[in-house]
Amino acid sequence: MIIKTVELETVCGITSKLPENTKPEFAFAGKSNVGKSSLINALMNRKSFARTSSSPGKTQTINFYNINDSLYYVDLPGYGYAKVSVEVKAKWGKMIENYLHNSPMLKCVFLLIDIRHEPSDNDKTMYDWIISNGYQPVIIATKLDKLKRSQVAKALKVVRTGLGIGADVTVIPFSAETKQGREEIWDLIEDSVNSLDKE
Ligand SMILES: Nc1nc2c(ncn2[C@@H]2O[C@H](COP(=O)(O)OP(=O)(O)OP(=O)(O)O)[C@@H](O)[C@H]2O)c(=O)[nH]1
Ligand SMILES: [Mg+2]
C-alpha cells in the first residue's frame, strides 16, 4: 500500500458520538500493550504518529486515522488494563461494543494477540463479539521478534487453540520491529477496499 497522507481525523471518548464516515474502516482491537498503536504506525509508514507507550493504557479513546482520503484505520482502546477501576473498564467495553454494533463502514476487525501468551478470557470475549457482530475476524500475532524462529509454530498453535478458531480464520504473525507481516495485512485491506469498489 502506498501511503500518501495520514491524518488523525476523529478522537472519540466515552461520551462522543461516532463519526459518520463514508470510507471503509479497519479496526484494531486487543488488550492493552499488545501493540495496536505500533502496528498502526507500521501500516501508516510512520514511526510514532499514533502514540505508543511501554506502560499499558495509552490509547483510551477510539482514534480514526484517515489514510489517503480513502480508508480509515481505527485504533481501539486496549482492554484488560489492570490499573483502571471496574467502572472505567466497563465503559471502555461498552464503547468498543457500541462501535462494533453501530459502524456501517466497518469492514474488518483485526484482533491482536501477543504471540508469546495464551489468549485471555478478555481476548476470547473480544473474539466472540467480533463474530457475533457479523465480522470475519483476522488475528494478528504481535511481537514476533520476541520469539526464536523455532518457537513460532508452537506459539501460533497456542493462539489458535486458545481462541478456539477454525482453519478458515487467518492468523498473521507480525513484528513492529522488523515489519514482518505488514505486506500481508496491507494486502487484506486493499483486497477488501477493492472488492467494495466493485460493488
Ligand atoms: N519488540 C516488540 N515490541 C513491540 C512490538 N509492538 C509493540 N511493541 C512495544 O509494546 C509496547 C506497547 O505498544 P503499543 O503499540 O503502545 O500498544 P497498544 O496496544 O497500543 O497499547 P494501549 O494503547 O495501551 O492499548 C511499546 O513499548 C511498544 O514499543 C513488536 O512487534 N515488537
Ligand atoms: Mg495504543
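First listed ligand is number 1; within each ligand, the first listed atom is number 1. This is a predicted model, so every value here is computed, not measured.
Between the side chains of Glu25 and Tyr65, no donor N or O sits under 3.5 Å from an acceptor N or O. Looking at Asn122 and Ser120, their side chains never bring a donor and an acceptor atom within 3.5 Å of each other. Asn45 and Arg182 form a side-chain donor-acceptor contact under 3.5 Å, judged by distance and modelled atom types alone.
Taking a 4.0 Å cut-off on heavy atoms, Ser175 registers as neighbouring ligand 1. No heavy atom of Thr142 sits closer than 4.0 Å to any atom of ligand 1.
Every atom of ligand 1 with a heavy atom of Ala176 under 4.0 Å away is listed here by number and element: 5 (C), 6 (N), 30 (C), 31 (O). Counting atoms of ligand 1 from 1 in the listed order, those under 4.0 Å from a heavy atom of Gly78 are 25 (O). Of all atoms in ligand 1, listed by their number and element, those nearer than 4.0 Å to a heavy atom of Ser38 are 6 (N), 7 (C), 13 (O), 14 (P), 15 (O), 28 (C).
Here the two rings, on Tyr73 and Phe26, have centers that are 6.0 Å apart or farther.
With sequence neighbours left out, Tyr135 forms a side-chain hydrogen bond (donor to acceptor under 3.5 Å, both in side chains) with no residue at all. Take Glu20 and apply the salt bridge (Lys or Arg N to Asp or Glu O under 4.0 Å) test, not counting sequence neighbours, and it matches Lys17.
Inclusion of Thr52 in the first shell of the Mg ion (ligand 2) is not supported: no N, O or S atom falls under 2.8 Å.
Residue Pro77 forms a side-chain contact (heavy atoms from CB on, under 4.5 Å) with just one option from Asn63, Thr61, Ile62, and that option is Ile62.
Of the polar atoms of Asp75, none of the N or O atoms is found under 3.5 Å from an N or O of ligand 1, judged by distance alone. Not a single N or O atom of Pro77, backbone or side chain, sits closer than 3.5 Å to an N or O atom of ligand 1.
Contacts of Asp145 with ligand 1, taken as heavy-atom pairs under 4.0 Å, involve the side chain alone.
Selection from Lys143, Lys36, Lys146, Gln180 by nearest heavy atom to atom 4 (C) of ligand 1 gives Lys143.
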